[in-house]
*Asks:* 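Okay, handing you the structure first.
The figures here come from the full heavy-atom set of this structure, side chains too, leaving out hydrogens, waters and symmetry mates. Nothing here was measured: the structure is a model prediction, and the numbers come from that model. By convention here, the first residue in the shown sequence is residue 1.
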Amino acid sequence: MFDVIKVSDLQAPELDIYARLTENQLFHYREPEQGIFIAESPKVIGRALDAGYLPLSVLTEPRHIQGEGKEILARCGQIPVYTAELEVLKELTGFPLTRGMLCAMYRRTLPSVEEILRKARRIAVLEEVENPTNVGALFRSAAALYMDGILLTYGCSDPLYRRAARVSMGTVFQVPWTFIPKGDWPDKGLRLLKEVGFATAAMALREESLSIADERLKREDRLALVLGTEGDGLGEKTIADCDYTLRIPMSHGVDSLNVAAAGAVAFWELGKS
């Protein structure tokens, strides 16, 4: 049974992980072992538990203990559950809690790129996508729209950052993913994709770009869709080394979409083929 502890001292060291440590500090919290991350909302926490992530502690509004979070807490075992009213939690964390529950959880060792690719037919590759909201939105679309996995370059926001996981609605715990080893992208990464049978398609605005509805793409048995950073898009070398360059046909003089929106459209069109 979990141990309910009413928060009486906002400076208590056991609350540092919720109040005073950065995402990067949480990542390195248990070195040389894997670090921790913060999952926000009962739905996200539940999906993390479903995926086998282990909880360290919970911070929650009292109403969730016998309400929406009751089933979640019952699955967490003997861990401390810190509780305070919403206004106190906002003062403690420095941000408004959307659903009034946070859970500190242990990270796990990520799979290799080869493991992600082994059984996949359609994957997304994210190059330098730095905004955690966009990363989370891309995961949610990938889960809903037929992607089998996601690879991220080292410049991307971590999918387990609180905001990314929350925006994804917990699908970061459902879609297989990993980081491409630092320095391996684009050369070694693209070469590996081709060696295991993936055609590679860069999403970029170029005159020679194919429409995402082009039938040649749908005939590819294995396809990797490569999406770039929010401002500059994909690197020139990445585009040059991919098998295809793709665009989404637009109307009303609009030339491009946000990377998360573009990913959703491309996943729908090419993931179901």
*Asks:* Of all the heavy-atom pairs spanning Ala165 and Val44, show the shortest one and how long it is.
*Replies:*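 Closest approach of Ala165 to Val44, heavy atoms only: O-CG2, 3.8 Å.
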*Asks:* Without swapping roles, check the side chain of Asp148 against the backbone of Arg122 for a donor-acceptor pair under 3.5 Å.
*Replies:* yes
*Asks:* For Val226 and Cys242, run side-chain contact (heavy atoms from CB on, under 4.5 Å): C-alpha distance rounded to whole Å, both residues' side-chain angles, the deciding distance at 0.1 Å, then the answer.
*Replies:* CA-CA 9 Å; Val226 188; Cys242 282; 4.1 Å; yes
*Asks:* Taking the side chain from Glu269 and the backbone from Ala266, do they hold a donor-acceptor pair closer than 3.5 Å?
*Replies:*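 Absent.
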*Asks:* Is a donor on one side and an acceptor on the other found under 3.5 Å between the side chain of Arg206 and the backbone of Thr245?
*Replies:* no
*Asks:* Answer yes or no: is there a side-chain heavy-atom contact under 4.5 Å between Trp185 and Val125?
*Replies:* yes
*Asks:* Do Thr171 and Gln174 have side-chain N/O donor and acceptor atoms under 3.5 Å apart?
*Replies:* no
*Asks:* Do Arg107 and Asp158 come within less than 4.5 Å of each other through their side chains, counting heavy atoms only?
*Replies:*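 Yes, at least one pair of side-chain atoms sits under 4.5 Å.
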*Asks:* Return yes if some donor-acceptor pair links the side-chain N/O of Thr93 with the main-chain N/O of Ala19 below 3.5 Å, else return no.
*Replies:*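 It does not hold such a pair.
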*Asks:* So how far is it from Leu117 CG to Glu195 CD, rounded to the nearest 0.5 Å?
*Replies:*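 Those atoms lie 11.0 Å apart.
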*Asks:* Grab the two heavy atoms, one from Leu110 and one from Thr178, that are nearest each other, plus how far apart they are.
*Replies:*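 Taking every non-hydrogen atom into account, CB-OG1, 3.5 Å.
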*Asks:* Are Leu210 and Arg216 packed together at the side-chain level, in the sense that at least one heavy-atom pair is separated by less than 4.5 angstrom?
*Replies:* yes
*Asks:* With a 3.5 Å distance limit and no angle check, can you tell me whether Trp177 reaches the backbone of Leu152 through a side-chain donor-acceptor pair?
*Replies:* no
*Asks:* What pair of heavy atoms forms the shortest contact from Arg20 to Ala12, and how long is it?
*Replies:* NH2-O, 3.1 Å
*Asks:* For residues Ile79 and Asp3, determine if any side-chain heavy atom of one lies less than 4.5 Å from a side-chain heavy atom of the other.
*Replies:*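 Not touching, per the 4.5 Å side-chain cut-off.
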*Asks:* Okay, side chain of Ser209, backbone of Ala204: is any donor-acceptor separation there less than 3.5 Å?
*Replies:*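 Answer holds: yes.
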*Asks:* Phe37 pairs by ring-ring contact (aromatic ring centres under 6.0 Å, His included) with which of Tyr18, Phe173, Phe27, Tyr106?
*Replies:*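 Going through the options one by one, the only one that passes is Phe173.
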*Asks:* Do Ile116 and Val172 land in one hydrophobic cluster if side-chain heavy atoms of ILVMFWY residues count as linked below 4.5 Å?
*Replies:*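 No; Val172 is not reachable from Ile116 via cluster members.
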*Asks:* How many angstroms lie between CZ in Arg121 and CZ in Phe198, if you round to the nearest 0.5 Å?
*Replies:* 9.0 Å
*Asks:* Does the side chain of Leu89 come within less than 4.5 Å of Glu85's, by heavy atoms?
*Replies:* no
*Asks:* In Å, rounded to the nearest 0.5 Å, how long is the span from CZ of Arg166 to OG1 of Thr133?
*Replies:*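 Nearest 0.5 Å value for the CZ-OG1 distance: 7.5 Å.
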*Asks:* Has Glu128 got a side-chain atom pairing as donor or acceptor with Gly228's backbone, closer than 3.5 angstrom?
*Replies:* no
*Asks:* Which pair of non-hydrogen atoms, one from Arg30 and one from Ile36, has the smallest distance, and what is that distance?
*Replies:* CD-CG2, 3.8 Å
*Asks:* Using a 4.5 Å cut-off on heavy atoms from C-beta on, say whether the side chain of Leu49 contacts that of Ile72.
*Replies:* yes
*Asks:* Take atom CD in Glu208; do more than 12 heavy atoms of anything else shown fall under 6.0 Å from it?
*Replies:*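 Yes.
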*Asks:* Find out if a path of hydrophobic residues (ILVMFWY) with successive side-chain heavy-atom gaps under 4.5 Å connects Leu234 to Ile123.
*Replies:*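 Same cluster.
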*Asks:* What's the separation between atom CD in Glu61 and atom CD in Glu87, rounded to the nearest 0.5 Å?
*Replies:*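 CD of Glu87 is found 9.5 Å from CD of Glu61.
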*Asks:* Quick check on the hydrophobic clustering: are Val175 and Met105 connected, directly or via other members, by side-chain heavy-atom contacts under 4.5 Å?
*Replies:* yes
*Asks:* Should we say atom NZ of Lys43 is surrounded by more than 12 heavy atoms from elsewhere, each under 6.0 Å from it?
*Replies:*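 Check fails, neighbour count at 12 or below.
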*Asks:* In terms of hydrophobic clustering (I, L, V, M, F, W, Y; side-chain heavy atoms under 4.5 Å; direct or indirect links), are Met250 and Leu205 co-clustered?
*Replies:*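 No, no single cluster joins them.
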*Asks:* For the residue pair Val167 and Ala137, what are the closest heavy atoms and their distance?
*Replies:* CG1-N, 3.6 Å
*Asks:* If you define the side chain from C-beta out and look only at heavy atoms, does anything of Thr153 sit under 4.5 Å from Leu126?
*Replies:*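 Not touching, per the 4.5 Å side-chain cut-off.
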*Asks:* Is it true that, when you exclude Phe179 itself, more than 12 heavy atoms of the residues, nucleotides or ligands shown sit nearer than 6.0 Å to its CZ?
*Replies:* yes
*Asks:* Do you see a donor-acceptor pair shorter than 3.5 Å between the side chains of Tyr244 and Glu220?
*Replies:*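 Side chains of Tyr244 and Glu220: pair found under 3.5 Å.
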*Asks:* Just verifying a value: how many Å separate Tyr29 OH and Thr22 OG1, rounded to the nearest 0.5 Å?
*Replies:*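 Answer rounded to 0.5 Å: 12.5 Å.
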*Asks:* Would Tyr154 end up clustered with Leu192 when hydrophobic side chains under 4.5 Å apart are linked, directly or stepwise?
*Replies:* no
*Asks:* To the nearest 0.5 Å, tell me how far Leu86 CG sits from Thr60 OG1.
*Replies:*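 Answer for the CG-OG1 pair, Leu86 versus Thr60, is 10.0 Å.
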*Asks:* Inspect the surroundings of NZ in Lys272 and state if more than 12 heavy atoms from other residues, nucleotides or ligands are less than 6.0 Å away.
*Replies:*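 Yes, because the 6.0 Å sphere around NZ of Lys272 holds more than 12 heavy atoms from other groups.
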*Asks:* Test Ile65 against Met101 for side-chain contact (heavy atoms from CB on, under 4.5 Å), laying out the working first.
*Replies:* CA-CA 10 Å; Ile65 295 175; Met101 179 177 278; over 6 Å; no
*Asks:* So, for Ile17 and Ser57, which heavy atoms are closest and what is the spacing to 0.1 Å?
*Replies:*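 For Ile17 and Ser57, the tightest heavy-atom pair comes out as CD1-OG, 3.8 Å.
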*Asks:* Between Arg191 and Asp241, does at least one N-O distance fall below 4.0 Å, as a salt bridge requires?
*Replies:* no
*Asks:* Look at the side chain of Thr200 and the backbone N and O of Asp243, then say whether any donor-acceptor pair between them is shorter than 3.5 Å.
*Replies:* yes
*Asks:* Taking atom NZ of Lys218 as the centre, report whether more than 12 heavy atoms of other residues, nucleotides or ligands fall under 6.0 Å from it.
*Replies:*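 Counting neighbours around NZ of Lys218, more than 12 heavy atoms of other residues, nucleotides or ligands fall under 6.0 Å, so yes.
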*Asks:* Does any non-hydrogen side-chain atom of Thr109 lie less than 4.5 Å from one of Gln34?
*Replies:* yes
*Asks:* Verify the distance criterion only: is there a donor paired with an acceptor across the side chains of Glu127 and Thr238 at less than 3.5 Å?
*Replies:*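 Yes, side-chain donor-acceptor contact under 3.5 Å.
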*Asks:* What do you reckon, is CG of Asp9 surrounded by more than 12 foreign heavy atoms closer than 6.0 Å?
*Replies:*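 Enclosed.
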